[in-house]
Amino acid sequence: MGRIYNFSAGPAVLPEEVLQQAAADMMDYHGCGMSVMEMSHRSKMFQDIIDEAEKDLRTLMNIPDNYKVLFLQGGASLQFAMIPLNLMKNKKADYIVTGQWAKKAYQEAKKYGDVVAVASSADKTFSYIPDCSDLPIREDADYVYICENNTIYGTKFHTLPNTKGKDLISDVSSCFLSEPVDVTKYGMIYGGVQKNVGPAGLVIAIIREDLIPETVDDTVPTMMQYKIHVDNGSMYNTPNCWAIYICGLVFKWLLKNGGLEAMQKRNIEKAKILYDFLDQSKLFKGTVEPASRSLMNVPFVTGNEELDAKFVKEAKAAGFENLKGHRSVGGMRASIYNAMPKAGVEALVAFMKKFEEENA
Ligand SMILES: *Cc1c(COP(=O)(O)O)cnc(C)c1O
């Protein structure tokens with residue numbers, strides 16, 4: 001069997017060229033007689049891999065010199081604790097709760113200080129992004145936290161919140177490298193890479209230097225101190241070498257294909273094909289308010305659970321994988337990350353049209 005169209009929310013589709021390159025490198029990376037998985041992280045060869053990955057990421061995102069780039073483990077979920085443990089200096093932080101991942105981050109931070117949800121979209125099952133132009137941000141809050149693209153609910157901040165001068169911390173796991181970003185608007189941007197960038201188990205954190213404390217409370221585990229990872233070039237312990245290498249290949253693929261501006265253009269085109277279809281369909285319906293729609297994750301329903309299940313089953317048989325919605329939302333969700341070709345979205349829409357006709 002050949003490749004299918006994989007609409008998984010994560011771990012997710014990767015560019016075929018990257019997979020082919022990894023396959024070609026597998027037995028003998030650059031003439032060293034072994035794969036990247038087998039080499040010492042202290043070797044020059046691996047140092048070159050991580051240095052090049054960081055350099056290419058800095059180019060892609062135009063990351064200023066006063067921001068550190070860290071390659072960490074523990075998933076985006078470990079950052080839910082690392083962020084308050086390192087950055088909540090006054091022990092106060094304000095969170096905007098727009099979905100499950102933001103809620104988890106908020107609940108975790110509450111363990112460590114005075115943490116308030118200054119806005120939420122829970123009242124309408126997280127189907128929109130609240131107006132964040134004039135929130136009651138506290139004078140002495142250390143930071144304002146958002147989840148920029150809500151993977152499960154399919155919403156996205158198209159305008160960043162007015163943080164009233166506080167540092168913005170953003171979880172960009174599911175929109176990482178999907179469009180250009182102005183890094184200077186953030187104190188920290190981070191994301192698990194398994195959504196739009198690489199294999200699971202690696203988180204990239206981009207943090208403004210002056211936010212990283214020299215010392216933290218003695219009880220904070222060594223592995224959870226940003227300063228330790230900065231001082232050790234993300235190699236305090238053995239890093240996720242393989243994932244860093246694959247991300248490096250993806251960065252090169254992005255650079256070769258026009259960078260983040262080109263990705264944004266492609267992603268807008270791809271999402272439009274699907275949203276335009278949903279907006280005129282008599283059977284399928286998008287679940288998100290149009291102004292808050294994500295370009296990456298597109299949830300939709302028929303309004304009938306049996307029909308949803310039938311659709312997912314028939315779609316799978318036709319080569320469209322992982323269209324079942326998140327267990328907390330039901331229905332369907334198509335994740336159409338950078339590596340999903342436009343042809344995949346067109347084929348999905350053609351399949352949905354046919355299903356609609358057959359089930360009218
Ligand atoms: C998937 C996801 C996470 C959790 O990532 P893990 O690597 O599994 O911890 C956090 N935030 C967002 C926005 C996600 O999509």
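Since this is a predicted model, take the numbers as computed values, not measurements. Numbering of ligands and ligand atoms starts at 1, following listing order.
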Should Arg293 and Asp279 count as an ion pair when the cut-off is N to O under 4.0 Å?
yes

Please indicate whether Asp65 has more than 12 foreign heavy atoms, meaning atoms of other residues, nucleotides or ligands, lying under 6.0 Å from its CG.
no

Measure the acute angle between the ring planes of Phe300 and Phe284, then classify it against the limits of 30° and 60° as parallel, tilted or perpendicular.
perpendicular

Lys313, NZ: over 12 other non-hydrogen atoms inside 6.0 angstrom
no

Every residue of the protein that comes under 4.0 Å of ligand 1, judged on heavy atoms
Gly75, Ala76, Ser77, Phe80, Trp101, Cys147, Asn149, Thr151, Asp171, Ser173, Gln194, Lys195

Is it the case that Lys124 places NZ or CZ above or below the six-membered ring of Tyr128, under 6.0 angstrom from the centre and within 45 degrees of the axis?
yes

Using ring centroids (six-membered ring only for Trp), state whether Phe320 and Phe351 fall under 6.0 Å.
yes

